[in-house]
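These numbers come from the heavy atoms of this one structure, side chains and all, not from hydrogens, waters or symmetry mates. Residues take their numbers from the sequence shown, with the count starting at 1.
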Amino acid sequence: MVPDRPSTPPDVASPARRAIVLMLCALVIGGAASLAAIGLTDAVLWLNDVLLIAPRARVQYEDAGMLVPVATVAVPALGGLIVALIWRYLSSAGRVLGPPDVIEAVQFERPLPDLRSGAASTLAAMVSLGFGASVGQYGPMVYLGAMLGGLVRRLRLGVPNLPAIGVACGVAAAIATAFNAPVAGLVFAHEVVLRHYSTQAFAPTTVAAVTGYVLANVVFERPALFLVQFEGVQHGYEFVLFGALGLLCAALAMVFMRLILRVAAHAAQSRLPAVLRPAVAGMALGLTALWLPDVLGIGKEALRFATIEGAFGAGELAVLVAAKITLTALCIGFGFAGGVFSPALLIGILFGALFWTAVDGTGLLPTSGIAVYAICGMMALTSPVIGAPLTTILIVFELTRNYDITIAAMVAVVFSNLIAHRFFGRSLFDVQLARRGTDLSAGRDRARLEAMPITTCLTTDMIRATNNEPPEIIQARLAASPWSEAYITDTAGRFLGVLPQGGQTLIPPALHFNEATTVLDAMQALRGFIGDGIPVVNSETGALIGVVSEASVIEAYLDISQSLRREENAVL
């Protein structure tokens, strides 16, 4: 999709009206996103109980002959088939929609994909999670919140940047609801989605996050993800261990992310029919779950038990980490709908517990217990995957209300992000976007310039002539115009060359572009260029499309820069 050229905001309302509109939108979006997130979570839990995915339900029916083993294999496979049918018949996008789509829409001021595809993606995520696929629920919740917030785009309320702020409000409320963490929800929306902090966005996003938190915790009294008792870091040298754990988590996070990308690429090229791919992944998951039931679903119970000393043995932890990484990549790559946030949390907490088990097993160093290492591992692995180190640190603080464990997690998160950012990229979302042609690694302004084709700066109001037109007539037209060059084509419209004012023979242009040239490419190519304009030629037919002037390229750059500055410095 070609990005729109930034324009001056039309009909801006008064500051008081803007403030009222933003606060009302934040309240409505925050409430709607929170209720939607709660509804999605409850629907998944109900399906887990009915379909014998939840550990408690499996225990209740463990004496019912082959019921549990058959359900363990059949349910994920059936879920995969249903998800494939949803992609085929209900979704026009034909794929899962998630945080990368939200980021792309906000950064390029585009609408989100159509509501039908968004609803189908949410339904597919509910089926995937409910039928036990090894995927996460927070990515779908983020998209659901963004989809609800994005509806404000349809309103004409005279508030600049309202569509992006509405999306950020929905995302913040969804995260606040999911983690009981309003501050983390607020920061996630700014850190991952908006990628800037402005007064205009900060106030409504805060209101939305708090609304989500109040609905989830005060009105519906949702339980916390887990509770941890921690007395504090007892030995100074343990901070070195936290740093080492962060480095190891960075390596594991890169393995996890690369495997997801690789499996998805291989699945797209495989001869296996698309309608069967999720079912095959579901069957592989079910067969593995016969021996390792903790790989089913998002693994909330395993998440809680991982912080308890003795709940898992070292061998069991290592096998679970390897199985969860492999099966999550398989499920996501083969078409199940879901995110990577929850699997990353589980893999990280299991690996942190494994790290502590290894250190404690040596008997050389007294430690502060398994809980702090499990939490550090969880956040050190998750933060590079979602590209939000500050958010993960705040989630730790808001989940545990413990300052010591937050400092320990901060050390692990910092080292993990340093390594992963250097050798992989800012996040899995950014790498997925880069593979679609949207590279945000060098900044928002560069990404917008790179995404804008030079044809948006085109003019066709130049001196254009055919090669059978007498030169004196062309020169007369040039003399009566501000142009110093005429652009000559043959009778079929194919570009032949440039005829300068006063010249008698065609000369090749010093520079030419085609329809694939971006504004960024043009700016780099224009260094040292002297002339009226640069012809833009169709790369296949050779036809002259139009001419781009230096002024129009500079104007496009200034428009984008000013649009970003207005957004980042906007006040209520």
Side-chain angles (χ1 to χ4, degrees), residues 22-23 25-41 98-100 102-103 105-106 122 136-150 152 164-226 298 339-342 344-345 378-379 382-383 385-401 406 409-410 413 427 429:
L22 282 170
M23 293 305 113
C25 286
L27 280 170
V28 173
I29 293 170
S34 179
L35 292 174
I38 292 170
L40 177 63
T41 305
V102 177
I103 296 168
V106 169
T122 302
Q137 66 177 356
Y138 301 119
M141 289 167 68
V142 164
Y143 189 83
L144 186 57
M147 186 171 66
L148 294 170
V152 296
I165 294 172
V167 169
C169 287
V171 171
I175 292 293
T177 302
F179 290 100
N180 301 339
V183 181
L186 165 70
V187 174
F188 181 85
H190 285 81
E191 191 174 24
V192 176
V193 178
L194 293 174
R195 305 203 173 202
H196 71 270
Y197 291 87
S198 69
T199 305
Q200 185 194 33
F202 185 80
T205 312
T206 304
V207 170
V210 171
T211 303
Y213 174 78
V214 170
L215 276 175
N217 294 274
V218 178
V219 178
F220 291 95
E221 299 182 349
R222 310 284 296 179
L225 189 61
F226 55 79
I298 62 173
V340 294
F341 206 154
S342 303
L345 290 173
M378 179 172 70
M379 293 311 176
T382 303
S383 59
V385 172
I386 64 171
L390 190 54
T391 299
T392 52
I393 292 168
L394 288 169
I395 286 176
V396 172
F397 184 71
E398 293 190 274
L399 279 177
T400 64
R401 306 287 200 273
T406 304
M410 194 162 64
V413 165
S427 71
F429 306 147

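Ile175 contributes atom CD1, which lies 12.0 Å from atom CG of Leu186 (distance to the nearest 0.5 angstrom). One finds the CD1 atom of Ile165 at 7.5 Å from the CG atom of Leu194 (value rounded to the nearest 0.5 Å). Atom CZ of Phe220 sits about 10.0 Å away from atom OG1 of Thr177, to the nearest 0.5 Å. The CG atom of Leu394 sits 10.5 Å away from atom CE of Met410, with the distance rounded to the nearest 0.5 Å. Between Thr406 atom OG1 and Ile393 atom CD1 the span is 9.0 Å, to the nearest 0.5 Å. A distance of 4.5 Å separates OG1 of Thr122 from CE of Met147, quoted to the nearest 0.5 Å.
Counting only heavy atoms from C-beta outward, the side chains of Ile386 and Val192 never approach each other to under 4.5 Å. The closest side-chain heavy-atom distance from Phe341 to Val142 is not below 4.5 Å. Between Gln137 and Leu40, the closest side-chain pair of non-hydrogen atoms is not below 4.5 Å. Annotation: side chain of Met141 is not in contact with side chain of Val171 (no heavy-atom distance under 4.5 Å). Inter-residue side-chain proximity for Glu191 and Tyr197 is flagged as met; some heavy-atom pair is nearer than 4.5 Å. Counting only heavy atoms from C-beta outward, the side chains of Val106 and Arg195 never approach each other to under 4.5 Å. When side chains are defined from C-beta on, Tyr138 does not count as touching Thr382, because their heavy atoms never get closer than 4.5 Å.
Across all non-hydrogen atoms, the minimal contact from His190 to His196 is CD2-O, 3.2 Å. The two residues Ala176 and Ala209 have their closest heavy-atom pair at CB-O, 3.3 Å. A pairwise comparison of heavy atoms in Cys169 and Ala208 identifies O-CB, 3.5 Å as the closest pair. Across all non-hydrogen atoms, the minimal contact from Thr205 to Ala168 is CG2-O, 3.9 Å. Nearest heavy atoms, Met378 versus Leu345: CG-O, 3.4 Å. Closest of all the heavy-atom pairs between Leu22 and Pro204 is O-CB, 3.9 Å.
In terms of modelled atom types and a separation under 3.5 Å, the side chain of Ser34 and the main chain of Gly30 share no donor-acceptor contact.
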